[in-house]
Amino acid sequence: MRYDHKKIEKKWQKKWKSSNLYKTKDDPKKKKSYVLDMFPYPSGEGLHVGHPKGYIATDVYSRLKRMQGFNTLHPMGWDAFGLPAENFAIKNKIHPRKAVEKNIKRFKEQLAMLGFNYDWSREINTTDPAYYKWTQWIFLQLYKKGLAYQSNEPINWCPSCQTGLSNEDLDGGLCERCGSQVEKRSMRQWVLRITRYADRLLNDLELLPKWPEHIKEAQRNWIGRSEGALVSFSLTDVPGQTSGTHQVEVFTTRPDTMFGATFVAISPELAQKWIEVGWQASKEVHEYVQKALADRITQGVKGVQEKTGIHAGISAINPANQEKIPVWVANYVLGDVGTGAIMAVPAHDERDFEFAKKYQLPIVQVVKPVYVDKINPVREGVKNTKRSIVIIAVKHWEKDLYLMNASEKYKWKILFTGGIEEGEDPVETAKREIREESGYKNFRSGRVLDFVHKDVFYAPHKGVNREVDVTNVLLELENGEMGEITEEEQALHQVSWKTREEMIQEISHDNHRFVFRYATEGGRPNDWSGTLIHSGAFDGMTSDQAKKKITDHVGGVWTTTYRIKDWVFSRQRYWGEPIPIIHCAACGVVPVPDKDLPVKLPEVKNYAPTGTGESPLAAIEKWVNVACPHCKGRAKRETNTMPQWAGSSWYWLRFMDPKNKKSFVDKKKERYWKPVDVYVGGDHAVRHLIYARFWHKFLYDLHLVSGKEPFTRLEFLGFILAEDGRKMSKRWGNIIRPDDIVKTWGADTLRLYEMFMGPFTDAIAWNTNNMIGVRRFLERVWTLRESVSAKDNRDLDAVLHRTIKKVGEDIEAFKFNTAVSQMMVFVNEAHGKVVGRAQWEMFLKILAPFAPHSTEELWTQLGYKKSIHRESWPKYSARKIKVAVTTIAVQVNGKVRGEVSLAPDAPKDDACAAGRLAVLKWLENKEEKNVIYVPGKILNFVIGE
RNA sequence: GGGCAGGUGGCGAAAUGGUAGACGCAUCAGUCUUAGGAACUGACGCCGCAAGGCAUGGGAGUUCAAGUCUCCCCCUGCCCACCA
């Protein structure tokens, strides 16, 4: 009988369903495993072959866990509220609920084709009132704890989607759904106080060692905690000054550099505010502000590259040194970051530096960086000496080449250096040193760089530790004429001309490389920490010490700020959970009593957005007008709805207990099933995970859930690209549908191929030819059943047991590709040989998670009535993995010159004897200095030349 | 600009510091044939008739031994971003 995937797959999918094979029961005595997919949003497009990749992985993983004896929870559901469903419904003129039902049906059919082991009795749907009742209930708990509040602060408004958006819904200042430029609009909003959890969301990332580092890093960026000082600069010379313009407050993370603040820069937004309160800015300033604000809107914050600004005609007093410095309006200062104004320290901030260069503003270095040498670190018990030196970059008289000063003896490649004599001009020192050490003697120019630093190192040629104050000099030669130099100097300096690129690449010491770059490419602040200079009483302190001291000195406040803002939680749209609040003229804001939950979405004729800032629900008077639960007086319902993120912020808890009518999850069941052991998905690196962690922590604080973090391990998949390497999309016409693949090649082939393509986390292009190779593997498996015999084939034991071991370990580690290739190795090995029945059964079991249909069919052919998917995972025998003879490489001086077959545990003498014969011609007449033998791996003869 | 992940054959990719390229695709040669999306046998990093040499983005280093560890440079992808 040939391998007929069509018949087999349909047959078993039916049987599994009717026998409830994958139903999960709560069994407190058994150890559990909770394997969860990020549940999908059921779009109208249906699935392409990229979508199931994560579902296949969790299917394989959860099948392994079940076979290993775990009580396994592996559910699926639908995240079906939100703008896309609503926009789809409006466009196609059907009710969103109808559209969602239709889409879910289609999704389920497509998932069913692939033979997944979901327990469908636990299916949930965020738009089901029995589900969103609890979403509303959790919202009310947030409200009761003061974590949900109303606000009239201006929020982001998308004119196209006609709804408010949270900061997280923006992409570079544009609406992430439709790309429209977002406006600021003041309107009443519900907001969740996620900032109160910011520190815990940040710190508890440390509780998640099994999360990918890049996801954690993205979350840290998103939370954006930074510590710094709030400092006031008083203003003078403000035309039309009012109380609003007496002073300007800035936020800085570097108060230690305050003595180097040579100007203040304010955002166009703040300038506008000042104008509104009476500042009589000049015509030019006025025009600049208007233009900068307009650019923000037309180009978005992202689009503006060039830094521009204008002197505001105002002065500020630097509170550190009481110096009068100018105030500029600058487009690189943003209105909604920090206070909307900065103190600019061009010597130590890249952006301020760029601006200061452009407008010729003073640059004052106030931190002297200390470079601690890693190649020649200071030594204990050696004399410490202090000196002043120059580091000298020397430019060629004609070409763009520079002098490299190499030393064979000390193995370094650096610039020239030399000690400054008492009272000597650093440029003269530099010229003298170059004449003495290189011989070049005529100079066109020389200048001292506006950058000093300190080096701390051990000087091997003098045998002392050095702490040196460095002045940096750039010399340019007039011509190539050379004078006499001593032999001693010649031996010490191997002089050569190098291009700029070669210099940067070859210089062996970081400080010299930095000086070279500074001299030839222009200035850039560096991040070596250091001590203060030009800072009055604070000179000599380290940056860290000075930060708080200077903040105190100027009367500033040390504070913590976050990039993450409170979560704007209301949407002025129809298709979402109604916010369960009643507004009563007499009692104010009244939460809907628990007994009246859920507040169901009413039927409505027109669910298109109104654009007035009110949701379509506001027009349904019968629904809006209610009696106040308190005073029974006339009251109105809240008409805003929740954002799409609401339903997915707690759904993993509902799967534990999906039908519970008394609470969102039974406490006992929660304690048994928590936490999610493996969570698998692709999108949503930041927002969903942050929101979910936030709600979970909140529920933890109410003692409603029993763990601090919901997801122990996160596996983040790489997307499958189209065959042309682009994203699969209707637009490119490169979509491949699983339906077609399953029909032609079978679900098992598709599953196995998606696991075999490459590393799970990599984005890899689909390749149908490669997939056919996997189908060939399944056919060879099918053929193998003909050579099964009663007695085991001992020759296959080692490879079989190695395969069992590797497949189990690789699935556990989500290294599915190498698990599959190991099974291919086994089948190649078994090809043309007799396979013992017991061996065959073990192999079918380890293949079963990947290819559930064909293995089930082959299993039945052996006469079994019970499903293979209820079998347990085979145990490998460590003894059988061991082989009698193995081939190891024989090296001579690390190069492979032959090989030899040995027992893996052969003694060294035997190995050497056999090895010598194998590489005889390489050893003749040579002195054998050493032999390295690693049993089972390698034999290396080290010989003299 | 910052962070993270990467850079290995014609392609997808393997490789606890120990024979680089497992496994698969494609290609080539052959066998068989009921001419099929066949199957089977073999070859397949580069240069070279061979002996051998050269090869994991480039350069240095540590080591008996480096794709793997250290340092520097270059490039690509993803995320964040004039975040003060």
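Quick note on labels: first sequence line is chain A, next is B, and so on, each numbered from 1.
- Place A/Phe756 and A/Gly894 on RNA chain B by their nearest nucleotides, and A/Phe756 ends up nearer the 5' end.
- Both A/Gly758 and A/Ala889 lie close to RNA chain B; mapped to their nearest nucleotides by heavy-atom distance, the more 5′-ward contact belongs to A/Gly758.
- Side chain A/Asn940 to base B/C64: a donor-acceptor pair is found below 3.5 Å.
- Side-chain N/O atoms of A/Lys216 include none lying less than 4.0 angstrom from OP1 or OP2 on B/C79.
- Annotated as anti: B/G7, whose O4'-C1'-N torsion sits more than 90° from 0.
- Checking the phosphate oxygens (OP1, OP2) of B/C25, a side-chain nitrogen or oxygen of A/Arg776 falls inside 4.0 Å.
- For A/Arg220, no side-chain nitrogen or oxygen approaches OP1 or OP2 of B/C80 to under 4.0 Å.
- For the pair A/His831 and B/U41, the criterion of a side-chain N or O lying under 4.0 Å from OP1 or OP2 is met.
- For the OP1/OP2 pair of B/G24 and a distance below 4.0 Å, the side-chain nitrogens and oxygens of A/Arg780 include at least one atom meeting the criterion.
- Of the C1' atoms belonging to B/C73 and B/C80, the separation is 25 Å, rounded to the nearest Å.
- Sparse packing is recorded around NZ of A/Lys882, with 12 or fewer heavy atoms of other residues, nucleotides or ligands lying under 6.0 Å away.
- Nucleotide B/G42 is matched to B/C28 when pairs are restricted to Watson-Crick or G-U wobble geometry with both distances under 3.5 angstrom.
- Taking side-chain N and O atoms only, A/Lys895 has no distance below 4.0 Å to OP1 or OP2 of B/A55.
- Ring to ring, A/Tyr402 and A/Phe516 are close: their centroids are under 6.0 angstrom apart.
- Taking 4.0 angstrom as the limit, A/Asn770 places none of its side-chain polar atoms (N or O) nearer than this to OP1 or OP2 of B/A13.
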